Amino acid sequence: MFSDSYAESKEDFEPKFQSLVKLMEGSRHMTVFTGAGVSTLSGIPDFRGKHGVYTDPWQGMDVEDIISLDFFAREPGIFYKWAKDVWYRLEDYEPNIVHKTIALLQNKSYLESVYTQNIDMLHQRAGSKQVFEIHGSPEHHHCTRCKAHYTYQEIAPKVLRDELPLCHCGGAIKPDIVFYGENLNEDILDRAWNDFSNTDLCLVLGSSLVVQPAASLPLLAKRNGADVVIVNAQPTMQDRNATLHFSDLHQTFEALSEYLLNK
């Protein structure tokens with residue numbers, strides 16, 4: 001029994017789940033694409049949903065302005081005050097059943113790489129080895145002046161003490177997260193374009209498939225003949241392209257974990 005209201009009845013769920021297993025067992029190149037819905041299972045607040053972290057103003061300011069490149073260049077201190085409780089307490093959260101099962105899929109050679117829109121590093125903590133963070137990650141930081149590199153472990157304590165992280169050269173230190181006004185990593189995009197063009201099974205997990213260009217990757221897979229399986233509580237703009245659609249991540253991945261562990 002699942003307490004989540006998005007769980008499907010056994011009669012609806014079981015036939016679809018068996019179809020998912022058949023697709024997985026027949027796949028030679030499976031890709032996984034994860035979004036914010038996966039993170040919310042670990043208790044991380046949704047960013048763009050109703051009352052999401054990015055949706056409501058912060059101290060009278062638009063959050064999407066605060067995380068823009070131009071704003072950071074002018075007011076890095078304001079950015080870090082906002083980010084303190086959003087991006088610098090990630091150790092308070094633990095990987096959930098989805099993160100752990102994806103790592104298990106990799107360990108059992110069903111899956112090589114994971115592409116994620118999330119910046120929480122929970123895939124890595126769950127044991128996944130090849131994780132491509134489309135929107136970057138706070139795991140790495142750099143000085144905006146001299147380009148010196150810093151780790152999350154070096155910067156987070158300063159932020160939590162309300163200190164502005166400054167480089168030894170005096171420059172402001174920025175997390176390697178893609179801000180508004182900043183381009184995505186071209187190497188990751190090129191690799192993603194190749195993987196999603198050549199996949200035969202694409203799992204889309206917890207993403208509304210709205211934010212571009214990342215949301216175009218599952219569509220690319222579909223156009224190149226792949227089966228697309230979407231697991232998301234809310235409808236997405238690409239549901240019509242899905243071979244299968246599940247509404248509950250927890251239900252689906254508990255069943256998948258059990259299947260993999262009993263093989």
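No experiment lies behind these values; they were computed from the predicted model shown.
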Audit row: Tyr150, Cys167, side-chain contact (heavy atoms from CB on, under 4.5 Å) steps and yes/no: CA-CA 9 Å; Tyr150 296 86; Cys167 180; 3.1 Å; yes

Please list all pairs meeting salt bridge (charged side-chain N to carboxylate O under 4.0 Å, His left out) that have one or both residues in residues 78-89, counting only residues at least two apart or in different chains. Lys84-Asp162, Asp85-Arg89

Please list all pairs passing the salt bridge (charged side-chain N to carboxylate O under 4.0 Å, His left out) test where one or both residues lie in residues 175-190, with sequence neighbours left out. Lys174-Glu182

Are Val178 and Ile66 connected into the same hydrophobic cluster when the rule is that any two of I, L, V, M, F, W, Y join if their side-chain heavy atoms are below 4.5 Å apart? no

Scan for salt bridge (charged side-chain N to carboxylate O under 4.0 Å, His left out) pairs involving residues 134-158, sequence neighbours excluded, and state none if there are none. none

Under 3.5 Å, is there a donor-acceptor pair linking the side chains of Glu25 and Tyr110? yes

Where the side chain of Ser42 meets the backbone of Glu94, is there a donor-acceptor pair that is under 3.5 Å apart? yes

For the residue pair Ser207 / Gln117, report whether a side-chain donor-acceptor contact shorter than 3.5 Å exists. yes

For a quick test of reading the model, state the closest non-hydrogen atom pair linking Val38 to Asn96 and the distance between them. O-ND2, 2.8 Å

For the backbone of Ser216 and the side chain of Gln212, can you confirm whether one donor and one acceptor N or O come within less than 3.5 Å of each other? yes

ring-ring contact (aromatic ring centres under 6.0 Å, His included) with Phe179: which residues, sequence neighbours excluded? Phe72, Phe79

Strictly by modelled atom types, are Glu133 and Thr116 linked by a side-chain donor-acceptor pair under 3.5 Å? no

Find out whether Leu69 and Tyr180 are in side-chain contact, i.e. whether some heavy atom of one side chain is under 4.5 Å from a heavy atom of the other. no

Note, Phe246 side chain near Leu20 side chain (heavy atom, < 4.5 Å): yes

For Arg223 and Ser197, does a side-chain donor sit closer than 3.5 Å to a side-chain acceptor? no

Shared hydrophobic cluster, Leu90 / Trp82 (ILVMFWY, side-chain heavy atoms < 4.5 Å): yes

Test item: side-chain donor near acceptor, Glu91 and Gln153, under 3.5 Å: no

After noting the C-alpha distance and the side-chain angles of Ile134 and Leu184, does the key distance pass the side-chain contact (heavy atoms from CB on, under 4.5 Å) rule? CA-CA 7 Å; Ile134 298 169; Leu184 300 184; 4.0 Å; yes

Would you sort out whether Lys100 and Phe253 count as a side-chain contact (heavy atoms from CB on, under 4.5 Å), showing the intermediate values? CA-CA 9 Å; Lys100 294 173 183 176; Phe253 276 78; over 6 Å; no

Check whether any side-chain N or O of Asn262 sits under 3.5 Å from a backbone N or O of Glu258 as a donor-acceptor pair, and report yes or no. yes

Under 3.5 Å: donor-acceptor pair, side chain of Asp227, backbone of Leu201: no

State, with a plain yes or no, whether a side-chain heavy atom of Leu166 is found less than 4.5 Å away from one of Ile173. no

Does the Thr40 side chain pair with the main chain of Gly37, one donor and one acceptor, at a distance under 3.5 Å? yes

So Ser113 and Arg191, do their side chains get closer than 4.5 Å, heavy atoms only? yes

Taking the side chain as everything from C-beta on, heavy atoms only, tell me whether Leu203 gets closer than 4.5 Å to Thr34. no

According to ring pair (Phe, Tyr, Trp, His ring centres under 6.0 Å), does anything in residues 186-245 pair up with another residue at least two apart or in another chain? List the pairs. Tyr115-Phe196

Any donor-acceptor pair under 3.5 Å linking the side chain of Thr101 with the backbone of Ile97? yes

Is there side-chain contact between Ser247 and Asn232, with at least one heavy-atom pair below 4.5 Å? no

Is the backbone N or O of Leu220 less than 3.5 Å from a side-chain atom of Asn224, with the two atoms forming a donor-acceptor pair by type? yes

If we count only N and O atoms by modelled type, under 3.5 Å, do the side chains of Asp65 and Ser68 hold a donor and an acceptor together? no

Mark yes or no for whether Thr252, through its side chain, and Asp248, through its backbone, hold a donor-acceptor pair below 3.5 Å. yes

So do the side chains of Leu209 and Pro218 get within less than 4.5 Å of each other, counting heavy atoms only? yes

Salt-bridge present (Glu112, Lys129; N to O < 4.0 Å): no

Using a 6.0 Å cut-off, check whether atom NE2 of His140 has over 12 heavy atoms from anything other than its own residue. no

If you count heavy atoms of other groups shown closer than 6.0 angstrom to CZ of Arg161, is the number above 12? yes

Heavy-atom distance under 4.5 Å between the side chains of Val228 and Asn241, does that happen here? no

Should we count CE of Met61 as having more than 12 external heavy atoms under 6.0 Å? yes

Fit a plane to each ring of Tyr259 and Phe17, take the angle between them on a 0 to 90° scale, and name the class: parallel (under 30°), tilted (30 to 60°) or perpendicular (over 60°). perpendicular

Any idea which heavy atoms bring Gly43 and Tyr93 closest together, and the distance? O-CE2, 3.4 Å

Working note: Val229 + Cys202, criterion side-chain contact (heavy atoms from CB on, under 4.5 Å); need CA distance, chi angles, decisive distance, verdict. CA-CA 6 Å; Val229 176; Cys202 174; over 6 Å; no

Can you tell me if Asp239 uses its side chain to pair, donor with acceptor, with the backbone of Thr236 under 3.5 Å? yes

Could you work out, with side chain to side chain contact (heavy atoms under 4.5 Å, CB included) as the rule, every residue matching Ser39, not counting sequence neighbours? Ile44, Asn118, Asp120

Are the aromatic ring centres of His99 and His123 under 6.0 angstrom apart? yes

